[in-house]
Protein chains: 2
Amino acid sequence: MGRKVTQREIARIAGVSQATVSLVLNDRDFSNVRIPEATRERVRRAIEQTAYVADPAARRLAGLDNKIIGVFTYEPALSHESMDFYGPLLNGLEQGAERLGCDLLFFTSSPVVDGKRRMFDKRTRLRLADGCILLGQEMDGDELRKLVDEGVPFVAVGRRDEPDVPYVGIDYRTLVAELVDSVAELGHRGAAYVHLGRTSPSSVDRLAGIEQARSRSAMPVTLIDVSQQPLPAVAETIAASGLTAVVAQDSFVAEALAHELGERGVSVPREISLAVAGEVEGHAVAGHRLSGCHLPRIEIAGEALAVLQQLIGGAEPPSDVDTRVLLSGSVVPGETLVRPEAVR
Amino acid sequence: MGRKVTQREIARIAGVSQATVSLVLNDRDFSNVRIPEATRERVRRAIEQTAYVADPAARRLAGLDNKIIGVFTYEPALSHESMDFYGPLLNGLEQGAERLGCDLLFFTSSPVVDGKRRMFDKRTRLRLADGCILLGQEMDGDELRKLVDEGVPFVAVGRRDEPDVPYVGIDYRTLVAELVDSVAELGHRGAAYVHLGRTSPSSVDRLAGIEQARSRSAMPVTLIDVSQQPLPAVAETIAASGLTAVVAQDSFVAEALAHELGERGVSVPREISLAVAGEVEGHAVAGHRLSGCHLPRIEIAGEALAVLQQLIGGAEPPSDVDTRVLLSGSVVPGETLVRPEAVR
DNA sequence: CCAGATCGATAATCCGTATTATCACTGTAT
DNA sequence: ATACAGTGATAATACGGATTATCGATCTGG
């Protein structure tokens, strides 16, 4: 039957003690612990006979690694809607886990409060894993601090402001500055940045990038916060402003905005150029591939796993330099960012 | 700092024993175990002070369910290419796991041999989970038998021929028969079924569905096996045959075939109707949404989890009727299956 | 004033694995 | 004969939490 096989059981079969089984399993061989090949073989045969697998809980309790990486997401990660954002990250995690020989444990059991999963709870299972990858556009600062305090090895995907939080993210500041530079270089005399407020570090970093570009080029950039006024009003403002270029925080904002502009007789990119300060892969406006950025999401996940391995394996905690990493994105031309018409 | 807080620590602070802490935490109150409210309160305060979280590994070791459902896939499940097939299934699994309060363990560590993961291996981690869901278009029969023999609770997604293998799949036979019936009803006098051989139970079931439809309608259906001759040749044959309708095994075959036909001047659906004996969601040919089927993949995953729960929880094994389930798909009209033109 | 009931809490044990200290035994050199 | 090194394996213990048996103290009734 499917009863669970323990080392004790193996020991009984092989006619040795439980300790011996453990020693054989872990290939231990000290000066005071010696087991001849004959006995080892006997134990190994018993193990194969019974398809023994060590109980991960017991291993953990005894202080060992389990080769299990936890994955915590604040929203369902495997739903169709989430795939745009989570898809490449999960893909990278799977590849990385395969490389490291780890299994991935998705904490789908976390209780949902106010539409978001809570990490901490009476029955938190965080510790079943050796370490944990955190995914999600918005994370709870208190929970992050608690993780740090409790010494749980973890890495957040996306830059974080909280102290001592290991992360791997995108260098949005540099990337967005580069994007805005390219808008200016095309000859646009002014642009608007349509964003969603300062809800996350990545939003803040993008704004910093805008600022950086503004400080070194003559092109003025108007900031428009969509969380302050409805998108139709924003479209109205832009249509009336005579601006020739708009940068949107992400592709969804860009698509919605292009639609609103279209309804007001302003077409992209003919009358107005549109660039996205985020991933544009797979996004288009009226058949034109969006101009914007490419974020190496698969690589980010891989790098996050690498950092996590350091945290888990390392005897002493690595420095901040090693555990707070920003990767570079790249600007992709696309078809919605073009030279402004001579007259507008 | 990040030391872990144990019940022992709580006990020390509250001036009680570790046992008392455990009893308070779990609200135990037997006839021989009584703890007055005053003491309970003292313990609770200590717990709050220290932000204590129980070590799940220890809990599990002490005999609790670990609430982990394993997910085994023969190919990487989280890659972009796999999403078409795995996406909805994973989505359903996540929803179901959330409902059941389980975590999902992806066996990404399984060693890859010949491009496919092996389930059994020296370091099989299968037993880490309470039970296991198997995903994949093609599964290894020997491994399935071994799972049955070892009494590992598991459920395969997709019908299986191997005895005693619990599964949840689609009733392709009925579904495909229904689809072919609808082709005949539109007035087509003959059709071709373009398939990929008999590589899997679902392929076999579809062929059985074709057979069933053939036996009760006058419309002849020609079988064309793409694994026997290249697709261009198939397209050539069909173009020359004067047939007005083609049923393709899946959407990818349909798209490829439509392309080949197009190159030979035969357009879908004007000259020839095209229907798919599989999921058509998100697939189109020259702007026309494909006619075909919708498979309730999300529900399948949920049902698979439900069956697995039965296998895990049940004292005695449920009957075959309960563990071998076929769900109904539905025919979706789409835009590529139309009445044949009067003259061809 | 003492037997028995009741109360409050704890020591002891178990779960499965890893590790360390220790032991019994064999040979070998002194 | 005796001390000593080397060999092969095990008993004992730790890990953190759940549970059970048990114990001392207090109370109750006769």
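Source: prediction; values computed, not measured. Order of the sequence lines sets the chain letters (A, B, ...), proteins ahead of strands, with each chain counted from 1.
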- [ ] Give the intermediate values and the outcome of side chain to side chain contact (heavy atoms under 4.5 Å, CB included) for residues A:V43 and A:V16.
- [x] CA-CA 8 Å; A:V43 172; A:V16 295; 4.1 Å; yes
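- Rounding to whole angstrom units, CG of residue A:D29 and P of D:dT7 are separated by 11 Å.
- Overall bending of the helix from C:dC1-D:dG30 to C:dT30-D:dA1, expressed as the angle between end axes built from five pairs apiece, is 80° (10° steps).
- Side chain to side chain, A:S79 and B:N91 fail the donor-acceptor criterion of an N or O pair below 3.5 Å.
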TODO: Show the numbers, then the answer: is there a side chain to side chain contact (heavy atoms under 4.5 Å, CB included) between A:Y74 and A:L135?
DONE: CA-CA 7 Å; A:Y74 279 96; A:L135 302 178; over 6 Å; no
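- With sequence neighbours left out, the side-chain contact (heavy atoms from CB on, under 4.5 Å) criterion links B:A19 to B:S17.
- Residues A:E9 and A:Y52 bring no donor and acceptor atom of their side chains to less than 3.5 Å of each other.
- A donor-acceptor pair under 3.5 Å links the side-chain atoms of A:R40 to the main chain of A:I35, judged by distance alone.
- The nearest pair of heavy atoms linking A:L64 to A:D130 is O-OD1, 4.4 Å.
- Under the side chain to side chain donor-acceptor pair (under 3.5 Å) criterion, A:E98 pairs with B:R117, not counting sequence neighbours.
- Pairs engaging residues 87-115 of chain B under the ring-ring contact (aromatic ring centres under 6.0 Å, His included) rule: A:F106-B:F106 [sequence neighbours left out].
- One can place CZ of B:R34 at 13 Å from C1' of D:dC27, the figure rounded to the nearest angstrom.
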Open item on the list: At under 4.0 Å between heavy atoms, how does the protein contact nucleotides 10-20 of chain D? Give one character per nucleotide, 5' to 3', with B, S or -.
Closed with: BB---BBBBBB
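- With hydrogens and angles disregarded, no donor-acceptor distance shorter than 3.5 Å links the side chain of B:Q18 to the backbone of B:R8.
- Protein atom CD of A:E37 is 16 Å distant from nucleotide atom C1' of D:dT7, rounded to whole Å.
- If you walk DNA chain C from 5' to 3' and mark each nucleotide with an atom closer than 4.0 Å to a heavy atom of chain B, the marks span C:dC7 to C:dG16.
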